[in-house]
> 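Dropping a structure here in structure tokens format, bear with me for questions.
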Amino acid sequence: EDLKAGLLDIKATPPDSKSNCGGITLDHIKQMRVGKGRADDIMLGFKHTCRESFTCRSKISQPDEDRWLFGPPVVGALVDGNNSNIIRWRVEENRHSEDASQFDFLSIHTSQCKKDMLGDGQLLCGSCQHAKKRLFERFDSHVKIREGKFDPNTRHNILERSGSLQKQALKYHQRQSRNKSKKIARRDRVIDELLKQTGVDVKTNKHADFIFCDDVKVATQKFLERHVGKDSIAEYAFARSVHNHQVAKKSGVTAVRHCPLMIRLGVAVRNAMGFKGGLYNLVAKICGLPSDRHLRRFTVTNSNDPDGVMHVCCKRARELFKQKYPNAGRHDYSRHTVLAFDAMHAKGRFGVSRNTNELVGIEENAFEDAVIAQELKELEENDSEEEEASMKLPGIAQHFLVFIATTWSSEGKIQFLAARYGLKSITAPKLIRELMKIIIALSFYGFIVDMIAADGASENRLTFKTLANVSAREVLLGTFTKEELQGLPLDFKIGFPHPSGLYRNSITIIIGGEMPHWGKKFRNAFCNKSRELIFRGQFMSLDILYEIWLATGDADVAGGATLRKYKFTHDHFKLGAYLKMRVFLALQIPSQTCIQMIKDYCECPDNCDEIEHYQPMIELFDKVDRLVDIMNGTGFKKGRDRNVELINNPRHRHIFELFDILRIFEEWKNECGGFNEKFITQYTYEDLVWMVFGVAATAALYLREDGSRTMHQGRSGSDVCEHFFSMIRYVNSNPTMQQCREGASKVSSGLGMQGVAFQTE
């Protein structure tokens with residue numbers, strides 16, 4: 001009844017002069033004719049609702065690259081409970097002094113409120129007055145949730161906390177400073193104890209808590225062997241674990257802190273069981289060993305490990321392979337793998353261990369104590385001998401480079417993170433050296449790399465051109481006749497021999513293309529101001545398609561793309577820096593929908609354009625659309641509807657279709673006289689050649705005519721790297737190098753390799 005009275009009967013003094021709608025504020029609530037207790041609850045619900053709007057701000061900004069939809073003075077928004085994408089109310093904040101309460105200057109308006117001029121005796125506009133009841137129900141829900149679960153004082157004090165990040169950061173640094181002092185004291189005690197037991201002094205400096213020299217590990221091992229016995233270290237660790245469990249049981253503690261020797265014993269037992277976590281956990285409960293989950297904190301390749309091949313991840317992939325293919329031979333096709341690599345930009349910071357707060361690295365080779373100690377030593381020498389202006393700080397890693405391996409076979413995909421690096425800059429010599437190491441390492445674990453793939457970055461292209469020494473003619477001429485290969489650039493270099501001595505004479509590694517990136521480059525050529533694309537005498541551009549779309553009247557439909565006939569939007573034609581990077585917008589231009597739109601436009605009696613003027617562009621779009629369908633190859637219903645299947649023999653019909661697609665681009669290039677403003681860029685053309693010849697050469701070399709081997713041509717690109725980066729950016733749109741490495745650690749675990757990002761089925 002109080003709520004009803006508050007909504008319908010407001011006792012307030014009307015303003016003397018007309019004013020604009022100020023929304024629902026604390027002053028507005030105080031003027032309501034309700035009891036004091038009811039007014040306090042409504043004001044409390046108002047404050048909690050405002051805090052909810054601040055939380056919703058980050059959620060609403062997520063789909064738009066963390067860009068806030070509104071400008072000042074809007075500081076928050078409230079979404080509908082049934083649909084999180086619909087904004088119902090917005091929260092505005094008026095200017096006030098720093099010591100004033102923030103909530104006294106907040107107001108809630110409906111999304112339709114335009115702050116119109118109020119009439120005589122009105123306090124709210126029509127839209128705010130109409131939605132007031134639902135908003136007050138939201139106030140009550142906040143109060144009911146907290147009723148009886150918290151102290152009444154706590155309910156109010158939590159709202160009076162400052163939202164300043166500066167104050168929170170100050171308290172955080174104070175806690176860190178206290179913890180640092182405690183750690184330094186513990187460090188000194190540990191050093192004294194080690195000095196007494198081993199006789200080896202420990203080197204320390206002002207930049208880190210611990211930097212041990214190599215003599216400490218050797219001396220510690222000798223001490224254990226001398227006092228415990230070389231063959232009884234495991235027995236000693238087990239006895240210590242039993243003692244810890246007995247102490248924990250007496251004190252009622254459920255968690256036990258295991259010593260490093262016990263961790264190593266648990267790892268040895270689990271490895272002997274073949275990474276079977278369920279069986280090991282049963283043994284661990286009986287014997288008091290660390291659990292499988294606890295061991296993974298130490299054995300899984302994590303963010304603090306040195307750069308390079310992720311050996312633990314490769315071992316797990318080998319175990320998965322043995323379970324799926326127990327009878328696979330050394331040269332079996334199920335071992336053939338495509339190696340994709342890509343890099344993302346990360347914020348440059350020093351790497352710090354979360355467990356010890358130690359400085360663990362700053363560059364690709366600085367994630368080891370010895371390297372970081374040497375770097376700091378050089379800094380100290382420069383500080384003492386040279387001026388501060390001439391000092392050179394170590395480089396900060398800015399690029400997170402990953403290598404992901406995927407098997408070709410369609411019977412069961414095995415996909416895993418093979419290596420990862422944090423680099424200051426990416427160069428072709430660095431990529432060539434690491435590629436050779438990774439390919440040889442994968443052959444040691446039983447995976448045969450027969451294709452490498454990456455996007456069209458300049459360093460990747462230089463890497464491919466430096467490695468490639470086998471032409472398309474050498475690979476394809478034995479499988480296809482000269483007539484079938486006529487009109488193709490057969491002198492183009494597309495591969496190189498396998499670097500491992502075991503496979504050097506039998507395996508040729510092919511360079512693959514990247515279809516999504518190529519599609520964006522092809523579409524962007526139609527809106528490049530420095531180019532005037534001409535094919536078979538007809539001019540082609542994105543502006544022509546935009547004018548056709550406007551002439552069809554489809555742009556006048558305001559209900560959304562789902563109600564339009566051709567499902568195009570202005571974003572397809574008026575491109576900015578962000579829209580040029582959207583793959584689905586790029587690939588919808590050279591599609592059957594666009595071709596149908598052109599034909600409908602020419603058949604309309606109101607238009608005088610003839611279909612012959614657009615026939616070259618229609619034929620080009622038809623070939624590119626078919627290229628996208630083939631490279632997306634799938635064996636499910638979507639593939640059957642588009643007449644696409646997985647390639648299972650060297651002379652598959654899709655390979656001849658790819659040859660025809662490449663021929664039309666060869667015709668276009670010869671007509672234009674080479675690479676000029678009338679043709680696509682040379683980089684785009686070369687990526688197309690690598691894409692077509694990559695699939696054709698892999699099929700010719702490794703598939704059989706009886707169809708017993710099948711390759712999933714959709715795995716020939718580096719899409720899996722982009723998906724991995726998108727997972728990292730979904731959690732943090734601007735991650736540091738440490739956060740990137742932690743993301744790699746999650747997918748390198750047993751559950752991560754079998755999860756959404758790295759499915760094995």
Side-chain angles (χ1 to χ4, degrees), residues 2-3 6-7 10 12 20-32 34 36-62 66 68-115 123-125 127-147 149-168:
D2 291 341
L3 176 63
L7 290 173
I10 298 178
N20 295 329
C21 177
I24 299 175
T25 62
L26 285 178
D27 292 337
H28 182 90
I29 297 173
K30 292 176 183 178
Q31 296 177 18
M32 296 172 54
V34 294
K36 185 178 183 304
R38 176 57 183 163
D40 291 342
D41 287 341
I42 296 177
M43 287 190 290
L44 181 62
F46 173 85
K47 295 178 181 180
H48 280 297
T49 304
C50 292
R51 285 176 57 85
E52 180 191 359
S53 70
F54 303 153
T55 307
C56 289
R57 174 170 180 165
S58 60
K59 180 180 180 181
I60 297 172
S61 304
Q62 185 67 29
D66 295 329
W68 181 229
L69 303 176
F70 306 97
V74 181
V75 295
L78 297 169
V79 297
D80 192 352
N82 298 326
N83 191 337
S84 60
N85 296 325
I86 300 178
I87 299 176
R88 294 299 185 187
W89 297 277
R90 67 178 189 272
V91 179
E92 300 182 0
E93 181 178 6
N94 297 324
R95 292 185 178 181
H96 56 84
S97 59
E98 186 176 357
D99 56 345
S101 176
Q102 179 186 22
F103 295 100
D104 292 337
F105 297 88
L106 293 177
S107 60
I108 303 179
H109 303 258
T110 62
S111 58
Q112 293 84 12
C113 179
K114 300 180 180 179
K115 294 186 178 181
L123 295 177
L124 298 173
C125 65
S127 60
C128 291
Q129 184 68 34
H130 180 72
K132 184 177 178 180
K133 182 177 180 180
R134 290 192 61 187
L135 185 61
F136 274 56
E137 291 175 354
R138 198 161 187 151
F139 293 169
D140 288 338
S141 65
H142 277 291
V143 176
K144 290 179 181 179
I145 289 175
R146 292 161 175 81
E147 195 66 36
K149 296 184 180 180
F150 298 92
D151 185 77
N153 294 328
T154 305
R155 293 192 299 158
H156 290 274
N157 292 338
I158 194 173
L159 296 171
E160 296 170 2
R161 296 178 184 174
S162 172
S164 172
L165 293 177
Q166 184 177 1
K167 183 178 293 186
Q168 296 180 12

> Quick one: does Val79's side chain get under 4.5 Å of Arg88's, heavy atoms only?
no

> I would like to know whether Glu92 and Leu106 meet side chain to side chain contact (heavy atoms under 4.5 Å, CB included); could you show each step before the answer?
CA-CA 6 Å; Glu92 300 182 0; Leu106 293 177; over 6 Å; no

> Please assess Val91 against Thr49 for the test side chain to side chain contact (heavy atoms under 4.5 Å, CB included), listing each intermediate value before the final yes or no.
CA-CA 9 Å; Val91 179; Thr49 304; over 6 Å; no

> So, Lys132 and His28: side-chain donor and acceptor under 3.5 Å apart, yes or no?
yes

> Could you check whether any side-chain N or O of Ser107 sits under 3.5 Å from a backbone N or O of Gly23, counting only pairs where one atom can act as donor and the other as acceptor?
no

> Hey, what do you get for CG (Leu124) to OG1 (Thr110), rounding to the nearest 0.5 Å?
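Interatomic distance, Leu124 CG to Thr110 OG1, rounded to 0.5 Å: 9.5 Å.
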
> Run Val74 and His109 through side chain to side chain contact (heavy atoms under 4.5 Å, CB included) and show every step you take.
CA-CA 10 Å; Val74 181; His109 303 258; over 6 Å; no

> Count the heavy atoms belonging to other residues, nucleotides or ligands that lie under 6.0 Å from NE2 of His130, then report whether that count exceeds 12.
no

> So, taking the atom named CZ in Phe105 and the one named OG1 in Thr25, what distance separates them when rounded to the nearest 0.5 Å?
11.0 Å

> If I take atom NZ from residue Lys115 and atom SG from residue Cys128, how far apart are they, to the nearest 0.5 angstrom?
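Between atom NZ of Lys115 and atom SG of Cys128 there are 10.0 Å.
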
> Considering non-hydrogen atoms only, spot the tightest contact between Cys125 and Cys113 and give its length.
SG-SG, 3.6 Å

> To the nearest 0.5 angstrom, please state how far the CE atom of Met43 sits from the NZ atom of Lys30.
6.0 Å

> Would you say the side chain of Glu52 lies within less than 4.5 Å of the side chain of Arg138, judging by non-hydrogen atoms?
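Side-chain contact under 4.5 Å: yes.
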
> Any chance you could measure Ile24, atom CD1, to Phe46, atom CZ, to the nearest 0.5 Å?
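Going from CD1 on Ile24 over to CZ on Phe46, the span is 8.0 Å.
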
> Please step through salt bridge (charged side-chain N to carboxylate O under 4.0 Å, His left out) for the pair Lys47 and Asp104, ending with a clear verdict.
CA-CA 10 Å; Lys47 295 178 181 180; Asp104 292 337; over 6 Å; no

> Taking it one step at a time, do Leu78 and Ile87 satisfy side chain to side chain contact (heavy atoms under 4.5 Å, CB included)?
CA-CA 6 Å; Leu78 297 169; Ile87 299 176; over 6 Å; no

> Do His96 and Glu93 meet the criterion of a side-chain donor-acceptor pair at a distance under 3.5 Å?
yes

> Can you tell me how far the CH2 atom of Trp89 sits from the SG atom of Cys50, to the nearest 0.5 Å?
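So the gap between those two atoms works out to 12.5 Å.
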
